Every structure is written in C-alpha cells, then in structure tokens.
Amino acid sequence: MRLPWAPAANEKDRREMLRRIGVDDAMELYKDIPREIVLEKPPGIGFGRQLSEWELRRIVDSMLRKNKVYTDPPPFLGGSVCFHTIPAVVDAIVSRSEFYTAYTPYQPEINQGLLQAFFEYQSLIADLLEMDVVNVSMYDWSTAAAEAILAAMRVTRRRKVVVAGNIHPERMDVVKTWLLGKNASIQIVDFCRETGRVDLEQLGNIVDNNTAAVYVEVPNFFGVIEDSVDAIAEAAHKRKALFIVGVEPLSLGIVRPPGSYGADIVVGDAQPLGLGLNYGGPYLGIFAMRWDRKLVRQMPGRLIGLTKTIDGKEYGFTMILQTREQHIRREKATSNITSNEALMAVAAAAYIVLLGGGGLRELARSIWLRSHYAAKRLAELEGVESPLFNGEFFKEFVARFPKPYHTIHKMLLEKGVLGGLPLADKPPLMDYYSALFCVTEAHSMKDIDKLVEAIGEAL
Amino acid sequence: MIPRARGSWRQARWNEPLVYELGSPNNSGFICPYSNEDAELERVLSTTPEEKLGRMLRDRAPEIPGLSEIEVTRHFMRLSQMSYGVDVGPVPLGSCTMKYNPKISEDIARDPRIRYLHPYQDPDTVQGLLEMLYLLERWLAELTGMDRCSLQTPAGAAGELAGALMIRKYFMDRGEDRDEMLIPDSAHGTNPASAAMAGFKVVRIPTSENGTVDMEALDAALSERTAGIMLTNPNTLGIFEDRILEIADKLHSIGALLYYDGANLNGIMGIVRPGDMGFDIIHLNIHKTFGAPHGGGGPGAGVVCARGELVDYLPRPLIAKKGNRYYWDYECEKCIGRIRMFYGNIVPLIKAFIYIAMLGGDGLREAAIQSVINTNYFIALIRGVDGYDLPYDPKRPRKHELVLSAKPLKQETGVTAEDVAKALLDRGLHAPTIYFPLIVDEALMIEFTESEPRRQIEEYAAALREIAREARHNPSAFKQLPKNTSVGRLDNVYANHPRSVTPTFRILRRRLQGEQLSL
Ligand SMILES: Cc1ncc(COP(=O)(O)O)c(C=O)c1O
C-alpha cells in the first residue's frame, strides 16, 4: 500500500532494505513479541480504508457544517475565554513550518530563531507584568496556577494554601486535582456579594504561619478587579507566604501590573493575545516570578536565556537552568512538564509587538469602554441588574435577569446571538438568573445594541 | 547532474536585533477596531477607565516596543530562517517521533468552524466537532485495546500525571496504603517526575544485559507497598519488553497496576496493543505518533485511556454519545477531576483525527512497519563502523528507534556524543537525542520514523561514518563546531552562571545599567 506521507514504501526499496537488514519479511523484525498478543490484522479504525485528501476534506466538511459559528455579532460568552480579533500577520508567522515542525530546541545553534522568539516572548510578558523571570509556557492558566501553588509549597515547605473563592471554578477544580497527591489543605476565602471581591477580613484571618501561598485572580471570575491587592500582599507576606496572582494579560494595558503590588508569582493565559478560541485549546499558561534565587530555583518549565558563543564574540540564546527539569532531576524535578505550548508563545510575542505598549493601552481602554457600555445598556432593561456586582470590572461582567437566564439564552441563539455564559451550574454563584458576559474589541456599539435588543425581546 | 555550488551547507545568519532594539513604545502596527466610537462611548458613559480604576490604574503604558506589520513580518521571517524543523531536514530525535506533519491538517485546523468555536458554546451548536472527537476517542481506544479515553491531557507528561493520580485515588478509595511506583532506569524523566508529583516514592528497576526489565530486580522490588509500574514498550532502547505478559501477571497478582507511557507506540501501532499486554492505564502523545506537529516544543496533546474499573478515574469530562447526539459527560463519582480547563488541546486532536482517517488501520500498521524497517536499515548501515556500538543485545531488532553509544569514539579520540551532535548540525542534519537514556554512555538516540526517505537515512549513516573518521584525524577541531549554523557553539557556563544568567530583556536592561544582579 502507498503511504501518503512516507516515501520509502515502494517494493524495490523495501526489498533491498530488508535484504540489507538480513530478513526476508518485515514481520521478522517483530518476532520477539509474544505470539498470542500480535494482532492478526490491524484494527478497522478510520473509515475502513485509506482516504485521499479530497475524500477526507468532504467528510470533514460534512461534519463541520453541523457547527454553528457566531460572528455577526461575535459571541458574548465569557468564562475566562473570549472572542478576540486575530491579526492576519500572527497566523502568517506561526504558519512558518521552520517553526511549527521543529522540536524543543535542544540544539540551540541550529534553532536560534525559535530561541530568540521565545526569549522575546518571555521579555515582553515580563514587561507587561513587571515581573523579572517568565518561562516559555505552561499548558494553560489552570495548570500554571496549580504549578505556582506547588512551587510555593516547595519554597515555603508549608502545606496550606489560601485560594480566593471567586476564581474561575474550573481552575479551582484543576488546582484540587493537581494537589491530590500532596497532602495539602486548600482553604477557600469567601467573596463579598455586593462588590464581587474577595473578603479581605476573612482572608487576613485564614492566612497563618502554615500558609504556603495566597492565590487571587485579577480580574476574578466575575470580571471584577480586586482592588485590595496591596493589603492582600501584605497579609501574605506578613506570614511569609507567597502571593500568587492570576491575570488576564490584555487588562494590563490599563490595570496595575502585579509586579507593582508585590506578587511573587504571576500566572494567566495568553489566549487573548492572538491565539483564537479553538474550542478550548491550545492556549498558553503564563508563568512569571520575581528575581529571587529561592523562587526561580523552583520554577517549573522551560526557560530561555541570553548567552555568548564559547569564543565570547557573539551573543546567542539557549535553554537555561535545566537542572530544575525532569530530564536531569527526574523525581526531584520542579515539574514533569516537557512539551508545552511554545508555538503559542511565538504567536503571543508577534501579537504584543504588533500592538506595542501604546497599542495595548488603547486596546485595553477600548475593551473597558465597550464592556461598560454593554453593562449600562443592559441595566436599562426592566428588572435587569447589570452589573450584578458593583466592583469595578474589565471585559467580563455578571448580569442578573428577572427570569431564568437559560430561557433567554435559547431565544438569543435562535436569533443568531451567542449570549452570556449561564451561571446556573457554575460555582461559586450557581444562579439560574445570572450570566457572565464578555465584550471585547470585536464588538461594535451596533453589536452590543443588537444583544441588548434581543435580550429585551426575550424578557 | 547539474553542477552545484561547492562547499558546505550554511544556515541563514541575519544578526537580527531584538524587538526592543527595533521598535519603540509609541509605535504600533495595530488599528483598534471601531476606535471611531471611543469618544462616543466616553460621552454615553460619562466617565473613563482612568477615572474609574482609581488606585488600580496602571500609571503609564507598558514599556513594550511596537512595530509596523512589515517590521513584525520581516523580524519573525528572519527568525524562522534561523530555525530547523522536519520541513527543513531530518530531525531524528529519538523518543520524539519527528514525523512529517501533513499539510492538509494545517489547512483544516484553520477552518473558522473550528477556530471560532467557544468552549462554552452549547453542545448542540458544535455537533460536528464533537463527532470528530468522539470518533477519535473510539479509534484510539480500539487501537490501544482500552475501554475509554479522556482527551483532556495537554501532553504526554500531563497524561502521566493523570495516570499516576488515578492510581493514587484508586488505592485511596480501596483504603490501601500503597506509596511506591516502580520505574525502570531507562525511563524518560517525566515518568519519575510525574509519579513524584502524584505523591509516590520512586523505586528504580535496573535494566538487564539484554536491554529489558531485570526480572530478578523486579521481583525483589515488589511488595504490599507497590502501587504500580510505569513502563514504555518498546522501551527507550527501542527494544520490545518480551516478558511483558509475565510482568503484568506479577503486578496484577499483588493487586498493583500497570501504566503505559505511549511515547513509543509508533513502531507497533496496529501490530500489538498495550491493552493486550496487560496495561491498565496509558497515555498517547498525539504530537508524536499521530502526525500533529511539535511547534518548537508544543502545543501537543495527550490522551489518557483506561480499562475496566480504572475508567471511572479518568479525568472528566469524557466525550459521549446518546442516540445521535454528542455531548460531554461530567459524571464524576470517583474521577480525579480535571487536569486542565475545558476539553483538551483541540487543534492537535483534530490533526490526529485527520491522520488516522486518511491512513486507516492498515495504513497505521504500514507506517509502523516502515518506521521499524528504517530503524533496522540504519543499524545495518552503521554496524561495524568504528567509534560507535549498539549496546544491549546488538543482534536483536529494534523497533521505532535505536540507541548508539559513542563511547568507543570518546575513548579513542576524546570526541563526545555532544561533539558528534554539533558535527551533524554542521552538515545541515539535526542531531539525535543525546545522553538519553541515562543507562547508555555517550548515547545517540535515533528515530527516523516512517517519514524519512531511504536516501536520507543513508546520508545520515554516511555522515556519522565520516565524523568518526575525522575525529581520528583532528579531534580538537570538534570542540569548535558547529561553524555553519547561524551561531557558533554556545557557552552554557555563561548562560547559567548566577552573575550572568539573563532570562528576560528586563534583566538585561538592568545589567546594562550597571546593576549587579545575581541569582
Ligand atoms: C518516552 C517519553 N515519555 C514521555 C514523554 C513526555 O511527553 P510530552 O513531551 O508530550 O509531555 C516523552 C517526550 O517528551 C518521551 O519521549
């Protein structure tokens, strides 16, 4: 049979190669496998036969036709992942196959381009966060948060972690899963029903001398910006616990960067930075630390650094501090991660420099204005509380309706509008009447008016 | 043959500045959508973010350079020309399965009907995508002899962590206090690291002279503390663990479990299944075996599958079907929960769907066979070449990969595996994996996959032969290699020294301003 992507299978080549190996039949190369488990024939998976590109395209097309894509207006669904625009140049760059068909640059001299792009990603994120050390990536925001907590437990040699109760519920789940084997105690801090912000007093009472870390998200699951970050940092540091902050990177165009208020570790997701939706992944877990020997020695994941050639004449880039990693340290490694989301880091780097600091500020401002416009317009509808929380927010906000939101949501779908995220089954709110909306640069005033109008009709 | 330029290969060398040296924070290549509306919005809201953010306002724009689109394009285009992947030449990194990545997959992955789907969209609006994921899950389960798979794990290592946590939770639920995980000394570093993250103590099992698990040592290690064993088969030497059924019996008979590291499936897919070997939980590396690209390190995708009772412990949600409708099953009575957010790295998973769909079961098997032929053909070509040997039962056929030792070369000439790697780079060939597995001195771990043409394999063998010859004539020259890559050999001491280590431009900036920074 002819393999579409493997050239050597022609009869003559195969015969000659087998002769050189010294066997008559390729199956002789498998004779050390116990006979009783060798399959008589391969499993009949796929579509029962080989497919040409054209046939495959048609099958895939017939399936994808069943998906519904919302672009007019773009989705208003929130939940940490939102619809953002992707500049075409970002796609063009990550489509370069020198990048995407490469492996992790174990041989730095032949992959300087990739390494420089990674170094630039690390540097750009560092400046966005005002943190000093950034790794090439974790899998996503949730695993970055889990790894941050694990790192904090190693640094402090403590087992208690204090987590804000208003973080994304799936991130809460992931943190719990990753800590299953660690004998950790996770203490959850309540949030204020009016502001949507973490209960500072309770947090202060829970943090003690056994606390490894305090984890909060800015903005939190409700889109609300925690404004007592300085006090939270103080509460953590007073007890020698680490302060871990989760951020949405675009918000940092106008919101104070975590490095400026004492964060020891910062995590987040680069999804808004040109990565697209892709039904949940791949995204990119941001992971950053302060310049501190004790911290950075516990950093998980790949780090790229600047170096020189051995003759000292030129600069170059290479993977650094590898003695932290699994291939050297094995069970004592800071993490098991090896494959990560590196190509997404190239995309994010290209996106960030296309915007520049000024462009990021302008974009963040525009998102702030648009999301506030949407919240205000919704509030004009009778019986709608919008935003539900009065804490200042960015991009996402919760609105509460006079009837169960899922019925409204259905009617919106019928009009081609993908509305907010129903919160009936989403902790910590679990409210049938509420939804989490996300408004970005992709939404014009007209799009927002359309949403409000459609909701008005559904009420 | 037409005459060609003489001399050696040379990689592009652009001396490309950092983006910080190219752009300024006041520049931008981005036009913000609907920015004409911003003034109107401020009027309607009768406030501004500056006013409302109060003490949480960032006082000035981030110190980040901006570039125009043409500058961004050129910058990254030049960087791409100083990079090397499978589309440029062979990347026979052992254990990494660097096969060709079909272009049709890249094409389809950009379809807006995948890209523009929000993870929280109603399942009824993504039935097409769910159907693909459902079929993929069924195919992978069938191919490996397992009952169900979770598509959630974003990479192989995350699959291992999931698996180790499943084992932990399984024994916790049974009230059994088992805290030891057996791992062969030839295993990939992620195995012990994952086991440790799940709270296990790692017990090392040595490799016997013939390159497989030392059965006596295994017997000695088994106890009521044993939770399980993590194995890859074929192992990292490329050798099939021929006593796998015995191993499975030994573990199962004391109530322990078997975990399969699926990174090495490529040479046996469609021929033998981990489920039939007796494994209870497995992971697959979608970016190795199933044609999704590595992306310079990622994104890949993992898939973790289980049999029998262990299915209940898989990370949730699982893809499921009722009648004609596909949905996510969140039912989690015993499961370990979520390993990451949402459902998995969808794009690489779709590429695996395409890979399997186009090859079919017969094609996968054929690919496996071709990869094994390529391995053993290369062994035949390199056998007897002075400087390298094939440790552990050299007569025994290897599967997806082989591990040479350059120890004889080093003893004779001082030229190390790393030097050999750099000499290969200098010829425009990517080096193999070096110094892994740890049980082989001066290891050169080579995996061609089914993708490499015969001619390319011959060229690679010839290059290694030539390198061994040159090493005898002029060993000192090797320490200066490579010379033809975009940069010469890099200084690892400088890179890692506490007083020179520089992980970001932010640190470089401070160093350049004369600050003494030490890590
Ligand atoms: C044998 C083996 N096991 C596990 C892994 C880990 O897989 P991943 O890189 O997808 O996390 C790898 C590759 O890195 C490997 O080669």
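Model, not experiment: these values are computed from the prediction. Here is the naming used below: chain letters follow the sequence lines, and residue numbers restart at 1 for every chain.
Taking all atoms of both residues into account, the shortest heavy-atom contact from A:Asn111 to B:Tyr84 is OD1-N, 2.7 Å. Counting all heavy atoms, side chain and backbone alike, B:Gly270 lies closest to A:Pro43 at CA-CD, 4.0 Å. The two atoms that bring B:Leu165 and A:Leu180 nearest to each other are CD2-CB, 3.8 Å, heavy atoms only. Across every non-hydrogen atom of B:Ile339 and A:Trp178, the tightest pair is O-NE1, 2.9 Å. Summarising the geometry of A:Asp32 relative to B:Phe240, their closest heavy-atom pair is OD2-CB, 3.9 Å, with the distance given to 0.1 Å. Across B:Pro62 and A:Asp127, no two heavy atoms sit closer than the pair CB-O, 4.4 Å.
Contacts between B:Met98 and chain A at a heavy-atom distance below 4.5 Å involve the side chain alone, from C-beta outward. In this structure, no portion of B:Ala164 lies under 4.5 Å from any heavy atom of chain A. Looking at B:Gln11, only its side chain comes within 4.5 Å of chain A, counting heavy atoms on both sides. For a residue to count as touching a neighbouring chain, one of its non-hydrogen atoms must lie under 4.5 Å from one of that chain's; by this rule B:Phe200 does not touch chain A. Neither the backbone nor the side chain of A:Arg302 comes within contact range of chain B, judged by heavy atoms closer than 4.5 Å. For chain A, the nearby parts of B:Arg55 are the backbone and the side chain; heavy atoms of each come within less than 4.5 Å. With a threshold of 4.5 angstrom between heavy atoms, B:Phe76 approaches chain A through its backbone and through its side chain. For B:Arg78, no part lies near chain A; criterion is any non-hydrogen pair under 4.5 Å. At a 4.5 Å heavy-atom cutoff, the contact between B:Leu245 and chain A is made by side-chain atoms alone. Only the side chain of B:Ile507 has a heavy atom closer than 4.5 Å to any heavy atom of chain A. Heavy atoms of B:Pro482 lying under 4.5 Å from chain A belong exclusively to its side chain. Both the backbone and the side chain of B:Ile369 come within less than 4.5 Å of a heavy atom of chain A. Looking at B:Asp111, only its side chain comes within 4.5 Å of chain A, counting heavy atoms on both sides. Interface remark: B:Ala357 contributes backbone and side-chain atoms alike to the contact with chain A (heavy atom separation under 4.5 Å).
Residue with the most contacts toward chain B among A:Asp91, A:Leu360, A:Leu303: A:Asp91 (heavy-atom pairs, distance under 4.5 Å). The candidate with the highest count of non-hydrogen atom pairs below 4.5 Å against chain A, out of B:Ala431, B:Pro315, B:Ser28, is B:Ser28. The residue among B:Asp242, B:Val88, B:Leu129, B:Asp276 with the most heavy atom pairs within less than 4.5 Å of chain A is B:Leu129. Of the listed residues A:Thr338, A:Asp311, A:Leu252, the one with more heavy-atom pairs under 4.5 angstrom with chain B than any other is A:Leu252. Note on A:Tyr106, A:Trp141, A:Tyr70, A:Tyr103: by heavy-atom pairs under 4.5 Å with chain B, the leading option is A:Tyr103. Highest contact tally toward chain A, considering only B:Leu18, B:Ile356, B:Val91, is held by B:Leu18 [criterion: heavy-atom pairs under 4.5 Å].
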inquiry  = ring pair (Phe, Tyr, Trp, His ring centres under 6.0 Å) for A:Phe83 and B:Tyr116? Distances and angles first, verdict last.
reply    = CA-CA 8 Å; A:Phe83 186 95; B:Tyr116 288 175; 5.5 Å; yes
request  = Decide yes or no on side chain to side chain contact (heavy atoms under 4.5 Å, CB included) for B:Asn376 and A:Leu18, but give the supporting numbers first.
outcome  = CA-CA 9 Å; B:Asn376 289 287; A:Leu18 288 174; over 6 Å; no
query = Should B:Arg506 and A:Asp132 be marked as a salt bridge (charged side-chain N to carboxylate O under 4.0 Å, His left out) after you check the CA-CA gap, both sets of side-chain angles, and the distance that decides it?
reply = CA-CA 6 Å; B:Arg506 201 175 167 77; A:Asp132 304 312; 3.3 Å; yes
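Ion pairing between A:Glu109 and B:Arg489 fails under the 4.0 Å rule for side-chain N and carboxylate O. Using a cut-off of 4.0 Å between Lys/Arg side-chain N and Asp/Glu carboxylate O, B:Glu42 and A:Arg365 are scored as salt-bridged.
Ring geometry for B:Trp139 against A:Phe47 counts as perpendicular: the plane angle is over 60°, on a 0 to 90° scale with 30° as the lower cut.
Looking at B:Phe505 and A:Glu120, their side chains never come closer than 4.5 Å, going by heavy atoms from C-beta outward. B:Gln81 has its side chain within reach of A:Arg96: a pair of non-hydrogen atoms, C-beta onward, lies under 4.5 Å apart. Side-chain contact between A:Glu170 and B:Arg340: absent, with no pair of heavy atoms (C-beta onward) separated by less than 4.5 Å. Side-chain contact between B:Glu16 and A:Gln112 is absent, with no heavy-atom pair separated by less than 4.5 Å. Put simply, the side chain of A:Leu3 reaches to within 4.5 Å of the side chain of B:Leu359, judged on heavy atoms. Proximity of A:Arg370 to B:Leu41: side-chain heavy atoms (C-beta onward) are separated by under 4.5 Å at one or more points. By the 4.5 Å heavy-atom criterion applied to side chains, B:Gln121 and A:Leu418 are counted as neighbours. Using a 4.5 Å heavy-atom cutoff, the side chains of B:Arg58 and A:Pro257 are in contact.
Taken from CD in A:Glu362 to CG in B:Asp38, the straight-line distance is 7.5 Å, to the nearest 0.5 Å. Atoms OH and OG, from B:Tyr100 and A:Ser97 in turn, are 8.0 Å apart once rounded to the nearest 0.5 Å. To the nearest 0.5 Å, atom CD of residue A:Gln122 and atom OG1 of residue B:Thr502 are 11.5 Å apart. Distance check, rounded to the nearest 0.5 Å: OH of A:Tyr100 to NE2 of B:His294 gives 14.0 Å. Rounding to the nearest 0.5 Å places CZ of A:Arg20 at 15.0 Å from CD1 of B:Ile373. Note that the OG atom of B:Ser486 and the CD atom of A:Gln116 stand 10.0 Å from one another [nearest 0.5 Å].
Under the 3.5 Å distance criterion, with hydrogens and angles disregarded, no donor-acceptor pair is assigned to the side chains of A:Lys68 and B:Gln127. Counted by atom type alone, A:Ser95 and B:Arg110 present one or more donor-acceptor pairs between their side chains at under 3.5 Å. Side-chain N/O atoms of B:Asn345 and A:Glu341 include a donor and acceptor closer than 3.5 Å.
Formation of a donor-acceptor pair under 3.5 Å by the B:Asn496 side chain with backbone atoms of A:Leu321 is found in this model.
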